Amino acid sequence: MQSDLALPAGPRRTAELRAILSRYYGIALASFKEKLVYRFEFVAALMSSVLTAALQYYLWTAVAASAVDLPIARESLITYVVLGQVFSFTRVGAVQRRILYRVSGGIQSGGIATDLTRPVDYQVLQFCEALGLFLAELLLTSTPAYAVVLLLFEVKPPASVEAVLGFAASLCCGFLLAFAFNFLLMMASFWTYSVRGVMRGQKAVLDLFGGALVPLALFPDWLRGIALALPFQGLAYTPLSIYIGAIHGTAIWSALTVQVIWSIALILLTRLIWLRGARRIIIQGG
Amino acid sequence: MRYYLDLYATYIGLFWKIMLQYRADLAVFFVTMLIADTMSLAFLTLVFGVIQQLQGWSFYEVVLMYGLIRASTALSVLLLNAPWSIPGYIRSGTLDILLVRPPSPLFQLVGTEGIEPSNISSLLIAFAAIALGLTQIGASVQAWWLIYIPLAICSGAVLQFSLLLIVACLAFRFVSIQSAMYPVGWFADFARFPTTIYSKPLQVLLTWVLPYATVSFYPVAFMLRGTDYQLSGLLAPLAGPLMLGLALLIWRRSLSRYQSTGS
């Protein structure tokens with residue numbers, strides 16, 4: 001192609017403009033296509049939510065029918081366990097999973113080197129990406145799933161206005177916690193190809209001890225004590241309990257505080273490990 | 001036949017050599033899956049902490065169901081994991097290379113891509129669950145169970161393989177089908193519990209369309225509530241082979257159409 005500099009001023013301007021526009025168009029198109037590909041993931045996540053919600057619904061309905069006496073009212077119990085599948089911080093988002101697989105073993109391939117040379121702090125970068133994904137998932141997966149379970153699986157609306165507000169706040173705090181755990185997972189994925197196994201194991205532990213599968217109120221006392229001492233409760237138990245009104249009034253504030261404290265502590269921990277680890281990566285030569 | 005047996009032995013030998021190099025990854029998988037499956041059993045225990053029986057089914061009966069379905073899926077992942085690789089082979093055109101070689105392409109896939117050791121600990125835990133269920137149920141173990149149970153497990157593994165293969169064949173038409181293969185596996189989770197807890201449509205789905213109930217519920221019901229479930233119990237192990245027949249049909253059809261279009 002003939003150099004545009006050879007053209008007189010007017011047409012050169014146009015040519016430059018066209019070049020800029022086509023570049024931005026290219027970027028926009030690439031980004032849009034990326035979102036389209038991810039859209040498949042969101043639909044899959046929606047299906048997964050509804051299916052696991054169905055399983056919990058039928059299981060706990062049968063449990064309520066077979067039980068002599070329950071610590072939680074039947075309606076609240078079913079709402080809790082079903083919503084535990086709709087708003088699940090224990091699940092690694094589909095998009096996140098893709099990134100993890102890509103990064104997995106990334107130290108050997110050296111792919112991480114490019115990310116580290118960027119001027120933005122890597123962890124901040126990850127946080128922004130995670131926030132975007134969280135909001136997208138909230139909109140594209142959780143909201144439709146919520147609508148479905150409201151209709152099909154006997155889920156009750158929030159217990160009160162303060163429950164709504166508390167639930168929303170708790171979800172935000174839960175996100176911070178989830179970010180910390182996912183970042184730890186991300187770091188694990190740098191060092192092992194078996195990140196799928198680590199994910200599975202992590203999810204299983206978080207699901208159980210976070211109170212996503214079984215409300216902590218149904219735990220035997222000794223186990224409940226352990227679970228309440230751990231940070232995982234902020235991923236499911238806290239927001240869900242606020243929603244059904246099991247945590248109400250001033251107790252909401254203390255629950256949220258616990259969530260926030262754990263989030264800060266864990267994020268600081270990841271920061272520490274990351275700064276240590278990043279230095280090692282650079283030393284290894286990427 | 002002899003040819004295929006020797007070939008499969010060669011595949012296993014090759015696989016073993018590769019696995020020796022990835023000992024660390026295997027160890028990680030062994031531990032993490034152990035944790036995951038322990039959590040599943042812990043979940044069951046917690047559920048039965050609130051109830052004595054689940055719609056008439058005792059804790060150990062449900063543990064037995066869990067053991068059967070988990071053993072089947074773990075076995076399927078261990079030896080019959082090939083369908084997951086099929087979309088990739090089609091997309092990258094590598095399938096054509098398989099078609100040129102003498103053995104059947106499906107056999108090659110099963111031999112080279114089908115062995116996946118990540119679920120070994122799950123298989124062991126599932127066996128432990130079965131043993132636990134059998135010994136604690138209270139009824140005496142009958143001799144024919146020792147044949148019937150492995151039969152149900154193998155049939156279940158074949159069933160999982162067949163269902164995944166059927167969906168994988170869609171990859172000949174639609175490029176990114178891999179996400180659609182996951183839902184098939186999700187339904188296996190439903191078979192952890194007695195099918196009677198689900199709605200009628202779901203029960204029909206789990207018995208006739210994605211017949212995972214034939215792996216866990218009907219065999220256990222047949223073994224422990226004999227007379228009521230005699231027919232379903234005897235027919236249950238047939239689900240796997242029948243689905244395999246269907247899957248192979250679809251596979252051959254898809255393959256011949258793929259070849260004739262000269263891709």
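Every chain is numbered from 1, with letters handed out A, B, ... down the list of sequences. Just so it is clear, the structure is predicted and the values come from calculations on it, not from any experiment.
- The distance from the OH atom of A:Tyr58 to the CD atom of B:Gln203 is 9.5 Å, given to the nearest 0.5 Å.
- Within the 4.5 angstrom heavy-atom criterion, only side-chain atoms of B:Phe193, from C-beta onward, approach chain A.
- Of the N and O atoms on the side chains of A:Ser48 and B:Tyr182, not one donor lies less than 3.5 Å from an acceptor on the other residue.
- The side-chain heavy atoms of A:Arg200 and B:Thr32, taken from C-beta on, include no pair separated by under 4.5 Å.
- Heavy atoms of B:Phe187 lying under 4.5 Å from chain A belong exclusively to its side chain.
- Within the 4.5 Å cutoff, side-chain heavy atoms of B:Leu54 are placed close to those of A:Leu59.
- A:Leu223 touches chain B through its side chain: at least one heavy atom from C-beta onward sits under 4.5 Å away, while N, CA, C and O do not.
- Annotation for B:Ala36 and A:Ala204: closest pair CA-CB, 3.6 Å, computed over non-hydrogen atoms.
- Minimum heavy-atom separation, B:Met39 to A:Leu208: SD-CD2, 3.6 Å.
- Heavy atoms closer than 4.5 Å to chain B are found in both the backbone and the side chain of A:Ala67.
- By the 4.5 Å heavy-atom criterion applied to side chains, B:Trp186 and A:Leu55 are not counted as neighbours.
- With hydrogens and angles disregarded, no donor-acceptor distance shorter than 3.5 Å links the side chain of A:Ser194 to the backbone of B:Phe29.
- Within 6.0 Å of CH2 on B:Trp208 lie no more than 12 heavy atoms contributed by other residues, nucleotides or ligands.
- Only the side chain of A:Phe209 has a heavy atom closer than 4.5 Å to any heavy atom of chain B.
- In this structure, the separation between CD1 on B:Ile197 and OG1 on A:Thr61 is 8.5 Å, given to the nearest 0.5 Å.
- For B:Asp37, no part sits under 4.5 Å from any heavy atom of chain A, backbone or side chain.
- Smallest separation of non-hydrogen atoms from B:Gln53 and A:Ser66: O-CB, 3.0 Å.
- Annotation: A:Glu75, atom CD; neighbour count of heavy atoms from other residues, nucleotides and ligands within 6.0 Å does not exceed 12.
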ask   = Going through the checks in order, is the side chain to side chain contact (heavy atoms under 4.5 Å, CB included) test met by A:Val214 and B:Val50?
value = CA-CA 11 Å; A:Val214 181; B:Val50 208; over 6 Å; no
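- Closest approach of B:Pro183 to A:Met47, counting heavy atoms only: CG-CE, 3.7 Å.
- Within the 4.5 angstrom heavy-atom criterion, no atom of B:Ser40 approaches chain A.
- Counting heavy atoms from C-beta on, the side chains of A:Val205 and B:Ile35 come closer than 4.5 Å.
- For B:Leu202, the part lying under 4.5 angstrom from a heavy atom of chain A is the side chain only.
- For chain B, the nearby parts of A:Leu51 are the backbone and the side chain; heavy atoms of each come within less than 4.5 Å.
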